[in-house]
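Each remark here refers to the structure printed beneath this line.
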There are 2 protein chains.
Amino acid sequence: MLDLIIIGAGPAGITAAVYAARKKMDLLVISKDIGGQTAWSGDIENYTGYQFVTGPELVAKFEEHMKKNNIALKENEDVIGIEKKKDKVFVKTDKGEYEAKTVIIASGKRSMELGVPGEEEFKNKGLTYCATCDGPLFSEKDVAVIGGGNSALDAALQLIKIANHVYIINIVKELTGDPVEQDKLKNSKNVTIMNEAQVTAVLGDKFVNAIKIKTKDSEKEIPVQGVFVEIGLIPNSGFAKGIDKNEKQEIKVDSYNHTNIPGVFAAGDVTDVPEKQIIIAAGEGAKATLGVFRYLSRLK
Amino acid sequence: MLDLIIIGAGPAGITAAVYAARKKMDLLVISKDIGGQTAWSGDIENYTGYQFVTGPELVAKFEEHMKKNNIALKENEDVIGIEKKKDKVFVKTDKGEYEAKTVIIASGKRSMELGVPGEEEFKNKGLTYCATCDGPLFSEKDVAVIGGGNSALDAALQLIKIANHVYIINIVKELTGDPVEQDKLKNSKNVTIMNEAQVTAVLGDKFVNAIKIKTKDSEKEIPVQGVFVEIGLIPNSGFAKGIDKNEKQEIKVDSYNHTNIPGVFAAGDVTDVPEKQIIIAAGEGAKATLGVFRYLSRLK
């Protein structure tokens with residue numbers, strides 16, 4: 001029987017896998033893709049040790065690292081259920097069923113998408129889902145942040161220091177993020193807040209050059225070179241029934257990455273660990289495997 | 001006034017600094033060295049994204065990363081005290097005093113040393129303080145683990161799968177680590193446990209080739225190519241008076257890296273976060289700065 005199944009192959013899952021291989025565990029990684037959100041990140045300047053690397057490049061390095069350690073991988077496979085029975089954890093996918101002594105859930109998050117024309121076409125060509133990762137690339141540009149909650153305001157606060165002008169496109173009547181942050185934005189000279197405004201299309205040539213906005217009584221185009229979609233993230237935790245989650249559907253973990261079910265661990269963006277960053281997810285993946293190692297050591 | 005002072009320039013401190021620079025904080029790093037424990041690590045194969053890198057090489061990359069971001073650094077400076085007064089944190093060193101709105105303590109840990117002849121000479125030449133980092137380099141070799149507590153047993157359990165033979169040199173009457181782990185070691189064919197045995201010297205030529213052991217009634221040499229010193233780590237937290245610590249003198253942090261004093265954060269090995277690994281410390285450093293960013297955003 002396998003010692004460990006890791007669900008997901010983003011920074012958390014891959015780091016967990018490398019640590020597990022080095023602990024000589026019998027393991028299997030099941031994931032629908034390699035790299036998770038990192039794969040569609042733009043340029044990365046905050047993964048310590050790499051001054052500059054693109055998302056796809058970093059994913060390639062992660063993948064090589066995993067391959068170097070001869071880690072068994074089932075790719076393009078979707079986990080649809082997970083169940084603990086006696087001392088085994090059963091993982092059900094769209095293609096089969098697997099069992100192991102332990103599981104690490106590192107299935108990450110996905111951004112909520114706008115669902116408008118042009119979004120797919122301009123991903124990483126001006127349209128991004130991560131201001132912390134990609135903001136510094138838009139120096140002196142005009143940009144739009146889509147959303148009005150805390151992550152949108154956080155994105156906008158980062159961008160006012162970098163960009164020429166920041167449009168905040170908020171679908172409801174008022175911003176919903178923290179008032180202190182709202183004040184800062186309202187006092188900033190290079191911000192335009194548009195409430196009750198809905199993005200209907202992302203326009204461009206090779207790169208984004210405008211967004212189309214619909215308000216109560218008009219429809220217009222705003223020229224921007226960057227679009228930051230910050231309307232929320234959804235944890236990929238739907239398959240994890242019976243596992244404790246917070247109100248955001250993030251899996252609750254303690255500082256050893258235990259969930260409420262013994263033998264089931266979780267790491268990275270799918271968990272309630274604050275802040276979603278590549279280096280943080282990687283660290284959590286390492287911590288989860290070391291937690292698994294302790295757990296296995298204590299089994300007969 | 002500075003937004004942030006970071007104490008320490010290991011993986012946690014440097015990652016915290018890179019994140020802070022990208023958030024355009026006014027910051028200063030104060031550290032007695034660059035790289036912390038990483039600088040004296042041997043070969044590193046578990047920092048995700050680098051299949052293989054030496055400790056000093058990784059430190060060089062970290063340092064470049066920090067320099068690229070124009071981060072102010074006071075090196076060779078020892079922090080001797082820290083004090084919060086009103087909304088300021090004062091950091092006292094052996095060379096001066098600094099103040100900032102916030103502080104991240106990332107001063108790391110140091111290994112307890114044997115204090116015997118040969119120890120200094122053979123550091124990273126067969127003698128190491130980290131089985132997780134360096135264990136895989138001793139495939140088919142004979143090694144000695146010095147210590148009898150949980151970290152020594154953990155080291156030995158890792159090494160029995162890799163090394164030819166593992167000697168456990170324990171200074172007291174019996175091992176003090178978990179019984180389950182003791183059993184596993186006692187049932188293993190390639191382990192020799194020596195209780196009431198004290199290492200008196202590390203011997204070698206270019207690399208370690210033996211240790212000298214003193215028992216109740218004899219003194220002898222045991223030929224080994226590797227020596228794993230696992231007699232404990234000490235957090236560099238002595239200067240942090242008034243900050244809550246656990247019984248190991250590790251600084252207590254919550255999941256946002258807050259200490260008990262508002263504006264004072266901590267990250268990495270100096271904290272009570274379980275598991276001491278480079279990638280984990282780096283992730284914690286990022287998390288601490290994002291915590292500082294939230295805190296500063298909420299200040300008037």
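Within every chain, numbering begins at 1; the chains are lettered A, B, ... in the order of the sequence lines, protein sequences first and strands thereafter.
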Determine the option with the most heavy-atom pairs under 4.5 angstrom with chain A, choosing from B:E45, B:E64, B:K68. B:E45
With respect to chain A, which residue among B:P274, B:G283, B:A281 yields the maximal number of heavy-atom pairs within a distance under 4.5 Å?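 The option with the most such pairs is B:P274.
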Answer yes when A:K252 and A:D272 have at least one side-chain N-carboxylate O distance shorter than 4.0 Å, and no when they do not.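 Looking at A:D272 together with A:K252, the answer is no, because their closest N to O distance does not fall below 4.0 Å.
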Salt bridge B:E57-B:K61, side-chain N to carboxylate O under 4.0 Å: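 The answer is no: the pair does not qualify as a salt bridge.
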Counting heavy-atom pairs under 4.5 Å with chain B, the top scorer among A:D154, A:N257, A:D183 is A:D154
Residue B:E284 versus chain A: region with a heavy atom under 4.5 Å: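 Side chain of B:E284 only, per the 4.5 Å heavy-atom cut-off to chain A.
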For residues 9-19 of chain B, dump all side-chain donor-acceptor pairs below 3.5 Å to protein atoms at least two apart in sequence or in another chain.
from, atom 1, to, atom 2, distance (Å)
B:T15, OG1, A:T48, OG1, 2.6
B:T15, OG1, B:P11, O, 2.7
B:Y19, OH, A:N46, ND2, 3.3
B:Y19, OH, A:Q277, OE1, 2.6

Residue A:Q158 versus chain B: region with a heavy atom under 4.5 Å: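 Contact with chain B is through the side chain of A:Q158 alone.
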With a 4.5 angstrom heavy-atom cut-off, which part of A:Y50 approaches chain B: side chain, backbone, both or neither?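 Both the backbone and the side chain of A:Y50 come within 4.5 Å of chain B.
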Look at the aromatic rings of B:F265 and B:Y295 and report parallel, tilted or perpendicular, splitting at 30° and 60°.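 It falls in the perpendicular class, over 60°.
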So, applying side-chain contact (heavy atoms from CB on, under 4.5 Å) with A:I71, which one of A:M25, A:M66, A:H65 is it?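 Result for side-chain contact (heavy atoms from CB on, under 4.5 Å) with A:I71: A:M66.
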